[in-house]
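Here is the structure we will look at, set down as structure tokens.
What's counted below: heavy atoms across the whole structure, side chains too, no hydrogens, waters or symmetry copies. The structure presented is a predicted model; accordingly, all values stated were derived computationally and were not measured.
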Amino acid sequence: MPASPPGPPASGSPPTPHIEVEGLELYYGSVPAVRGVNFNVMPGEQLTLLGPSGCGKTTTLRAVAGLEQPTAGEIRIDGVPVFSAARKINIPAEKRGLSMVFQSYAIWSHMTVFDNVAYGLRVRKAGAAEITEKVDRALDMVQMREFSGRRASQLSGGQQQRVALARAFVFQPSVLLFDEPLSNLDAKLRADMRIELRDLQHRLGITSLYVTHDLEEALAMSDRIVVLRDGLVEQTGTPDEIYSLPRSAFVADFIGSANLIRGRHRADLAVDDLIALETSDGHVIYGMAYGRPVGSELVVSVRTVHLRISLERPAATRNVWPARVEKTVFQGDFSQVHIGWGDQRLVARCAAMEPIAAGRDVYVTVEPRRVVLLGAAAL
């Protein structure tokens, strides 16, 4: 799991958030892109805005950067408002002390690596000695100093991304903003760059706000995740909280595929701190509420990786049901097994195995602690 963000100072007083976003709204004409988003980013923390295309994550990032003007709300950096609709404050992007890494890299192919990284310093009229010192240091951070004389057009995609990172680091910003910076890389390089970026962020202790639609990227790189949907925050928490304890059907399905099972609350069957619900087929499923069940019709989430399939009846006494295999889809390191379970369809993600023939009768089981009630009220 990613390291936890820095804790409170020795005095016991809580740390001041580095970035604060309150009541952020942004409309394009009459169309809402962001509808009242709230979150904080603590010093040295990497917080990720995660969600599908069109959910408002990049718009929110650009508003923090000063590249979009919100309709309402307030944004503070180190406690100082850089945007406030109520107070009519809108600090220009170049005066917010932030650096941004774009999806497209936005590097100049005709320039050398050194000149790409030095460009912003030269615009700011920095001296030659200062430019050399800062550019060399930034290139060292991303292991690109030996390529400083090479033209950017001669670099691979991963090397170009490192140059974009060096250009962002060269100003020694207090906050780094990332807009899907790895999406143009192939899968292997993307996985490698996740590790490099995370290590670099930890080494520098820099505050980062990261945007992605890639679940694996968010889980691997984040201290906390804000899940957005249709311009609203669905859930905020650590990667483990978001994955293990989703609060809505959207989060359960988006953050790793899940089976959503609906049924009637059976309070009379509750036992050992477990809730029980009964499906329309009469199956009783036990799970964890992590709150108080609301209403008589409930929905639970069971991740595909937590369903177990066996040809013989397991010894477990709860959450064991007969089922029938409809098809098995081989996907390399794992197989997806589609199962008919009464009038519902379940999907189990299993380690790669010999395909189970369609029509084969099997048993399906899941540990009650892996069954999570959605929409529970706080206790």
In short, salt bridge (charged side-chain N to carboxylate O under 4.0 Å, His left out) pairs touching residues 91-116 with sequence neighbours left out are D115-R122
In the structure I gave you, are the side-chain heavy atoms of R194 and D214 within less than 4.5 Å of one another anywhere?
yes
Are I75 and L177 connected, step by step, through hydrophobic side chains (Ile, Leu, Val, Met, Phe, Trp, Tyr) whose heavy atoms are closer than 4.5 Å?
yes
After noting the C-alpha distance and the side-chain angles of Q336 and T328, does the key distance pass the side-chain contact (heavy atoms from CB on, under 4.5 Å) rule?
CA-CA 6 Å; Q336 275 197 346; T328 300; over 6 Å; no
The side chain to side chain donor-acceptor pair (under 3.5 Å) partners of E216 (sequence neighbours excluded) come to none
My understanding is that only residues two or more places apart in sequence, or in another chain, count here; which of them pass ring pair (Phe, Tyr, Trp, His ring centres under 6.0 Å) with Y286?
none
Residues which pass salt bridge (Lys or Arg N to Asp or Glu O under 4.0 Å) with D78, listed by chain and number, not counting sequence neighbours:
none
Taking only residues two or more places apart in sequence or in another chain, which ones pass side chain to side chain donor-acceptor pair (under 3.5 Å) with D343?
S280
Interatomic distance, K57 atom NZ to D179 atom CG [nearest 0.5 angstrom]
8.5 Å
List the atom of A276, the atom of V284, and the distance in Å for their closest heavy-atom pair.
CB-CG1, 4.2 Å
Check whether Q160 reaches the backbone of G157 with its side chain - one donor and one acceptor, N or O, closer than 3.5 Å.
no
State whether the side chain of D253 and the backbone N or O of A249 hold a donor-acceptor pair below 3.5 Å, judged by distance alone.
no
Kindly indicate whether the side chain of L47, heavy atoms from C-beta on, has any atom under 4.5 Å from the side chain of V226.
yes
How would you list, by chain and number, every residue that makes a side chain to side chain contact (heavy atoms under 4.5 Å, CB included) with Q344, sequence neighbours excluded?
I261, T279, W341
Give me the atom names and distance for the closest heavy-atom approach of L228 to G56.
CD1-C, 4.1 Å
One thing to verify: whether R162 and E196 come together as a salt bridge, which I'm taking to mean a side-chain N less than 4.0 angstrom from a carboxylate O.
yes
Check step by step if side-chain contact (heavy atoms from CB on, under 4.5 Å) holds for E45 and H18.
CA-CA 9 Å; E45 180 181 34; H18 204 150; over 6 Å; no
Taking the side chain as every heavy atom from C-beta outward, state whether V372 and V300 have any pair of such atoms under 4.5 Å apart.
no
Determine whether more than 12 heavy atoms belonging to other residues, nucleotides or ligands lie under 6.0 Å from atom CG of D186.
yes
Mark yes when over 12 heavy atoms from residues, nucleotides or ligands other than R262 sit less than 6.0 Å from its CZ; otherwise mark no.
no
Give a yes or no on whether a salt bridge exists between D333 and R349, defined as a side-chain N under 4.0 angstrom from a carboxylate O.
no
Measure the spacing between OH of Y363 and OG of S310 and express it to the nearest 0.5 Å.
8.5 Å
Contacts of E180 meeting salt bridge (Lys or Arg N to Asp or Glu O under 4.0 Å) (sequence neighbours excluded), chain-then-number -> none
Are Q172 and R137 packed together at the side-chain level, in the sense that at least one heavy-atom pair is separated by less than 4.5 angstrom?
yes
Which residues pass the salt bridge (Lys or Arg N to Asp or Glu O under 4.0 Å) test with E20, not counting sequence neighbours?
R76
Just by distance, no angles: are the side chains of N319 and E367 close enough, under 3.5 Å, to form a donor-acceptor pair?
no
Is there a side-chain contact between V170 and L121 in this structure, where contact means two heavy atoms from C-beta onward sitting under 4.5 Å apart?
yes
If a pair satisfies salt bridge (charged side-chain N to carboxylate O under 4.0 Å, His left out) and one of its residues is in residues 293-322, list it, with sequence neighbours excluded.
D272-R318
Show the nearest heavy-atom pair for residues T365 and P314, with the distance to one decimal.
CG2-CG, 4.2 Å
Taking R203 first and then D199, would you say they form a salt bridge - that is, a charged N and a carboxylate O separated by under 4.0 Å?
no
Residue list, side chain to side chain contact (heavy atoms under 4.5 Å, CB included) with R345, at least two apart or on another chain
E326
If I compare all heavy atoms of H283 with all of G342, which pair ends up nearest, and what's the gap?
NE2-N, 4.3 Å
Please list, chain by chain and in numerical order, all residues satisfying ring pair (Phe, Tyr, Trp, His ring centres under 6.0 Å) with F83, sequence neighbours excluded.
none
I131 to A126 - nearest heavy-atom pair and separation
CD1-O, 3.4 Å
Heavy atoms only: give me the nearest G51-F254 pair and the separation to one decimal.
C-CZ, 3.6 Å
Have E217 and Y210 got a donor and an acceptor in their side chains that come within less than 3.5 Å?
yes
Can you list the steps and then say if S109 with S153 is a side-chain hydrogen bond (donor to acceptor under 3.5 Å, both in side chains)?
CA-CA 5 Å; S109 58; S153 59; 5.6 Å; no
CD/Q154: more than 12 non-hydrogen atoms of other groups inside 6.0 Å:
yes
For the OG1 atom of T60 and the CG atom of L26, what is their distance to the nearest 0.5 Å?
8.0 Å
Looking at residues at least two apart in the chain, or sitting in another chain, which of them share a side chain to side chain contact (heavy atoms under 4.5 Å, CB included) with Q161?
V101, Y105, A164, L165, P181, L182, M193
Quick one: does any side-chain atom of S99 pair with a main-chain N or O of A168 as donor and acceptor, under 3.5 Å?
yes
Between Q159 (side chain only) and S156 (backbone N and O only), is there a donor and an acceptor less than 3.5 Å apart?
yes
Do T71 side-chain atoms and Y27 backbone N/O form a donor-acceptor pair below 3.5 Å?
yes
Got L200 and V142 here, is their nearest side-chain heavy-atom distance under 4.5 Å?
yes
L176 vs T207 side-chain heavy atoms within contact, under 4.5 Å
no
Which value, rounded to the nearest 0.5 Å, describes the distance between N38 atom CG and L24 atom CG?
8.5 Å
Keeping T132 on the side-chain end and A129 on the backbone end, is there a donor-acceptor pair under 3.5 Å?
no
Apply ring-ring contact (aromatic ring centres under 6.0 Å, His included) to Y119 and W108, showing your working.
CA-CA 10 Å; Y119 181 82; W108 290 280; 4.6 Å; yes
To the closest 0.5 Å, what do you measure between CG (L277) and OG (S296)?
11.0 Å
Would you say the side chain of R224 lies within less than 4.5 Å of the side chain of E241, judging by non-hydrogen atoms?
no
